[in-house]
Each structure stands twice: as C-alpha cells, then as structure tokens.
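Structure first, then comments.
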Amino acid sequence: MGTERKRKVSLFDVVDETSVSAKIAKSNGIGATMNNTNSSINGWNGKPYSQRYFEILEKRKTLPVWHQKDEFLQVLKANQVVILVGETGSGKTTQIPQFVLEGVDIETPDRRRKMMVACTQPRRVAAMSVSRRVAEEMDVTIGEEVGYSIRFEDCSSARTVLKYLTDGMLLREAMTDPLLERYKVIILDEAHERTLATDVLFGLLKEVLKNRPDLKLVVMSATLEAEKFQGYFNSAPLMKVPGRLHPVEIFYTQEPERDYLEAAIRTVVQIHLCEPLGDILVFLTGEEEIEDACRKINKEVSNLGDQVGPVKAVPLYSTLPPAMQQKIFEPAPPSLTEGGPPGRKIVVSTNIAETSLTIDGIVYVIDPGFAKQKVYNPRVRVESLLVSPISKASAHQRSGRAGRTQPGKCFRLYTEKSFHNDLQPQTYPEILRSNLANTVLTLKKLGIDDLVHFDFMDPPAPETLMRALEVLNYLGALDDEGNLTDLGEKMSEFPLDPQMSKMLVESPKYNCSNEILSISSMLSVKGVKCLGCHQQLSCLGSMPPAGMHHRILIPNCFVRPREAQKAADEAKARFGHIDGDHLTLLNVYHAYKQNNEDPTWCYENFVNHRALKSADNVRQQLVRIMTRFNLKLCSTDFNSRDYYVNIRKAMLSGYFMQVAHLERTGHYLTVKDNQVVHLHPSNCLDHKPEWVIYNEYVLTSRNFIRTVTDVRGEWLIDVAPHYYDLTNFPQCEAKRVLEKLYRKREKDRENRK
DNA sequence: GAGCACTGC
C-alpha cells in the first residue's frame, strides 16, 4: 500500500526534464537513433523532413499534453499499465502514441520487423481520420509506418509501427493472436465510453499482461471514471492532462419541467431573443422528436416578425444521409434586412453530437437530460430502446460542446438538485445492457473458459450470462460442459449474431449456402430513413432544392417516398415472395445483381443503391470466411420444388428459437416464451402462416416481429428436435400441435415398416 | 397497418 501511494504521488512531483529525456534516449534503440542522427532526416523512413513537418511540429508543441511527454514516458517505463486522463483538446489521441514510439524500444531480434503500437478507437471514422493526421505529423505515408485497420479496410503494411484500429478489430485480432504478440504497447483510447469491445478487451488484456511482462497498456479516458480504472488495474499510476476547453457556464431550471420538448423550444427562443450571437445545440432523443422540434422552432421564430433575426433549425441523427448531415456545417442565415438582427443556426440532435460528431461554433447547449438507451431483458431475450435520464458524465460531455471555440453556456432543463440526486454518475456500460450471446462466443474463442470468474470491470447479470450460454448450447456452439465445439469455433469467426452464423455454417447441408449468404448480407444492412427527395436518395441527383423536403421511408433496402408511395409499393410487390420477407430480400439481391448493380435500375425500382452495395460488401467478406473453412458454396436448382424449401429449412437451423405460432384466437405467440406478438405491417406475406420464423422482435407501440417467413411445423421437429423436445415445453397450443406432428411422424414410420 | 439512440466485427 505504501509503495502504491508513493508511486501515485511521484507522478505529480516536478520532474527534471533534461535528465529524464537523457535517460530515455539512452535506454532505447529508436529514441537514441532518432536523437543521434541528423535532425533533418526522418528516422522512420530515412527521407528528409518536409517543410510541413516542422510547421506541424510547432503546433504540436502548443498542445497541453506535449508538456508532459517526458513525465509520461518515465511513468510508462516504470509501469506496465498507465492510466491517462485528458479532457477534450488535450491532444492525447494524436500525441501519446507518438510519444510511445519515441520512448519504447520496438525492435525485435529479427531486425527486419518491428513490433507495433496499437491505439484503439470506438469508431471507424476516428481510426481513419486520426491515423491520417498522425501520418502527416510524422511525415510518413499513411498505410506505411502509420496505418489503420477497420472492418473492410486494412490500411497497414509490414512496415507499420503505429496502427489505429477499432476496438472491435483488436478483439478480432486477439482471436487469432491470443497474446497479441505483434504489439509492444496497446493504447485503449476513449475507454470511458465503455463499449462492449473495450470492456472485453479490459478483461482480456488483464490476463494477457500477466503472460506478457514485456507488453504495456495505456488506458486513456476523458472523465471521472479514472479511479475506477485505477482500482481495476491494480492501482496503476494515473496521469492527468489538462484539456483546452473554454469555460462553460451551467444553468439549471428552478422547477422540474413537465414537458422537456416544449421547454427546449422555449429555451431556444429565449436564447435567440436575449443572448449574444452564437449557434445553439439542442439534445433530443429521436428522429421524430427532432423533426418536430425543428418545424416548431422555425415556425415560432418566424412568427415573432422581422424585428427578430432569422433562425435555421437543422436536424441531426445518424440515419440522415451524409449529404443532409452536411447542413449542420453551413453558416447561420444572414440577417433579413441590411443592418437587421443577425441570424442563428440551431442544431437539433440526438446523442450523435455528444461523441461522434463535433460542430464548431456552438456557444449554447440545451440539455433536457434524456436519451434513448438500449436495455436488455434477459427473461424475454429482447433488447429495446427506452427514453431514460442521462448520466452526470453524459451531461458533462454535452455541456462541453458549448466551449469548443469560445466561452459558452449550457442550459440544463432540470434542477440542480435533480442533477446531484437523480442522475447516475456514469452511463451504464453497454455490457450491462446487451444480449451477450455473441460476446460469450467471442470470449470462449479467446480461451476464456470460466466466465463466472472472468474479471469483468462490471460483471453482467448472471441471468444474462446464463441466457447467452443457453442459446449457444442450443445452437450447438457450446457442448453441455460449456466448451466450444468445432461448430462454435467456426461460428465465432463470423462478424454476425450466433443465429446467423449457425445458419451460414449449416447452409451447405441444405444445399443453399449461396442463397443464405445473400439473405444474411441483406439482413445485415440497416435501413435508412431520411428526408430529402427521391432523387437524392438514389445517389443520382444532388441535394433537393431548399424547402422541398419530403418524408421518406426506407425499411431495409426499400425506398418509399411519400409522393410516390403507390409506385414504391408496386415496385416492392414485384420483388415480393408470398412465403416471406427473407425470400423477398433474396429476390431483391438477385435482381440487383442481374441488373449489373446499376444505380439507375435501383432508382427505378425504389431500392436503395447504397444499402445494396453495402450488402454486397458484407457478402464478399462472408464468402471469404466460408471459403477459409472449406464450406461449400452451393445452390439447389432454381427450378426444383426444393429451392425455397431448402432455404427456409436452412434458416430454421439457426433461427429455430425465433419462431411464433398462430393461435386459434388469431394472435401469434412466440414459441416457449409465449409472448403475444404481431406481424410487423411491413411484411409481404399474403396470408397468416401457422408457423413463422422471425428475424427480430421489436418493442414499439406493440410487440412486433419483423422480417418473417412461413415455415412448416414438421421442419421444426426435423431441424431442431433438441429444442422442440416436448418433455421440456410449456403447456400451450403450439405444444399440442407439435404433439400431433410427432404422433403423425411415428405413424408414418410404422406404416413404412 | 407502423416507425429507427449510437457504435462495431
């Protein structure tokens, strides 16, 4: 205990910088080489430094983190794990990895190859853009000494010494390289976001560090949670880097607000009337609410007459197409009259503006204190979205958005008392809010056998883990002892849910892996709903003219513009397969390929070209994995009666736990769980099948099952007899039907004899 | 006859 305390304190002691850097330079190969060679030559690629390098270097020297370089390297040298806390603007994401490269010896006995430094990011765009920036700072070509790796794109080479990658990607790498032996230092950035992948990496790295004394870990985080990290990593030293944000004044309401939407709009108008120039950022929970608020804001302000400056309220949410998202970067509208009051831009956004997207020029933030958050109910195995209060950390992050370019103000639409008493300190980490079937499969593949004693920073509910183990056991990925089976090994390699991976691995047995690949890919692309005209969506046209926004719906890949609903429905009907939505998706994919992936064809047929292109991309990745396992790519003859039957049976091999039965009352009940569900109205069935297989269960205005296909009761007992074992089945109508089917099967067998 | 916080492999 005494030594730990001493170690922590020493971090904040004044360090004699010259002696430290001298020691560091002496103690390692790279730093020494770089210091000793002519400073006009880049030690990484042997080329002379460009003029730009020195220009950027001057800017780098002004970053807060720059002044703690020697201190950081000293701490890193003395410890295996270092926790670094730095607020926005400290420069930690770009600079710390470069410091590491200077201070740590990455040479290997094989002089031709060096070890790497990895820096993880929760988002792809960040991995890409930060690595580009750092390559520029180091004056090297992106993809050479500095690279990045994200799904579908590995921009790195044998020369790469610093690699930015998504946290999910590092986890994938760990599956083939369990000790992460290519890396000398791993930096987990944005650790406070606590993504599922980061949380799994925490536990995994804690194990790996024991077996790799030469490996070092740097955990970088933005907020208060640092002490929790410190506790988790055996009192690793903590270093703090100041941020560079302007001060933000916080205001609370005197009384709780009954209607936060109304209060938010009222606050926007008040700011606009009373506060100096500067743009406003409003946080709301979802698309519908955001569009509504934008309309109301624009209307209310224009009703105030021309004594008041004009406003432009722009929506921002992830499913808005990129071209529409660009609108948030347009300048505020000019004053209506010469010398009249100036205009103001108002961005109304979901949580996307909290972390993923930064908008400069925001001076005012309005925070009603809510966000839609994923919750998982292990009992019914359903994930759903709930509007719930945000955490203190989240509120802090939101207010910080007001101080990026100048001092700002944040209006919290709740009382100060409520902030202190009601808000949780941190957002519940994702691992506590998710279905963990896929995570458990990954952990098993990573060699973690004892999940109960795995060192999670926040252990998930035992019931969630039990559910995950149960699902994987039913799927045959784990045996009864909980060990990974050969099937499970293969399944874990697919970047998909276990049900879908199982269906893919089994599909050659049903002689339809080509078709199952297409369906899986189509199911993997998310729907895009957006505003704008049809032209724009089809990727053919440009932005719609101002004021010409129509509401458009695209479930999965289908486009349905409000002004052409009938034509769109007719187009969809042409692809429709009466036996179900999965088969309809297959038809769309086939038609897309037959028409040479032509965007014009997509436009004419009301399908989203972008979605199909991305499905095709996913498909190629899945094909590569199938080929690696020697899983046959095959199809049943299209003219055979079994063509669709085989596909539907193959689907059941993975989704036999997602089946609903039509009761005599006319309602569907999910099998075993006996939940009342309704076919989602987007389905293309022309009848109500007795048994349906569904892709997802969504809780919205009612319990819906979405993307459904007709299956036969007989297939259930053929494909998944272990799950449809009636000795372990709740009393219900479905059970009685299945009993009959089993009896019929018995009789048939006797007759044949 | 309805509706999608945000990521990631």
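Chain letters run A, B, ... following the sequence lines, proteins first and then strands; every chain starts at 1. Since this is a predicted model, take the numbers as computed values, not measurements.
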* Any side-chain N or O of A:Ser682 less than 4.0 Å from the OP1 or OP2 oxygen of B:dA2? -> no

* Hey, does A:Leu196 reach any base, or is it just sugar-phosphate, or nothing, if we go heavy atoms under 4.0 Å? -> nothing

* Asked: A:Leu171 CG to B:dG8 C1': how many Å, rounded?
  -> 10 Å

* To do: Please report, rounded to the nearest Å, how far the C1' atom of B:dA5 is from the CD atom of A:Gln397.
  => 15 Å

* Measure the distance from CG on A:Asn695 to P on B:dC4 and round it to the nearest whole Å. => 15 Å

* Structure fact -> Of the listed B:dC6, B:dC4, B:dC9, the closest approach to the A:Met169 side chain comes from B:dC9

* Asked: If you find the nucleotide of DNA chain B closest to A:Ala371 and the one closest to A:Asp497, which residue's nucleotide is nearer the 5' end?
  -> A:Ala371

* To do: Could you check whether A:Phe152 gets within reach of a base, just the sugar-phosphate, or nothing at all, counting any heavy atom under 4.0 Å?
  => nothing

* Asked: Checking all strands, does A:Arg123 fall into the base, sugar-phosphate, or nothing category for heavy-atom contacts under 4.0 angstrom?
  -> sugar-phosphate

* Which part of the nucleic acid does A:Thr166 contact within heavy-atom distance under 4.0 Å: base, sugar-phosphate only, or nothing? -> sugar-phosphate

* To do: Report the residues that fulfil side chain to side chain donor-acceptor pair (under 3.5 Å) with A:Gln424, sequence neighbours left out, ordered by chain and then residue number.
  => none

* To do: Taking the side chain as every heavy atom from C-beta outward, state whether A:Met128 and A:Tyr164 have any atom pair closer than 4.5 Å.
  => no

* Nearest-angstrom distance from the residue atom CE of A:Met500 to C1' of B:dC9 -> 13 Å

* **Selected nucleotide, minimal atom distance to A:Arg706 side chain, candidates B:dG1, B:dC4, B:dA5** => B:dC4

* Of all the choices, B:dC6, B:dC9, B:dA5, which nucleotide is nearest to the side chain of A:Ile352 once you look at every atom? -> B:dC6

* Asked: Looking only at side-chain N and O atoms, does A:Arg124 come under 4.0 Å of OP1 or OP2 in B:dC9?
  -> yes

* **Contacts of type side chain to side chain donor-acceptor pair (under 3.5 Å), residue A:Glu181, not counting sequence neighbours** => none

* Could you check how far CG of A:Leu446 sits from C1' of B:dC9, rounded to whole Å? => 13 Å

* Identify, between A:Pro495 and A:Lys372, the residue whose nearest nucleotide on DNA chain B lies closer to the 5' end. => A:Lys372

* To do: May I ask you to establish whether A:Arg433 and A:Tyr376 are in a cation-pi arrangement, using a distance under 6.0 Å from NZ or CZ to the six-membered ring centre and at most 45° from the ring axis?
  => no

* Roughly, in whole Å, what's the span from OH in A:Tyr317 to C1' in B:dC4? -> 10 Å

* Asked: When you measure from the side chain of A:Phe704, which nucleotide among B:dA5, B:dA2, B:dC9 comes out closest?
  -> B:dA2

* Atom-to-atom span, CG of A:Leu685 to C1' of B:dA2 - whole angstrom -> 16 Å

* Asked: Can a cation-pi geometry be assigned to A:Arg412 and A:Phe419, taking NZ or CZ under 6.0 Å from the six-membered ring centre and within 45° of the ring axis?
  -> yes

* Asked: Is the distance between the ring centroids of A:Tyr697 and A:Phe704 less than 6.0 Å?
  -> no

* What is the distance, rounded to the nearest whole Å, between atom CG of A:Leu316 and atom P of B:dA5? -> 13 Å

* To do: Name the closest nucleotide to the A:Pro681 side chain, picking from B:dT7, B:dG1, B:dC9.
  => B:dG1

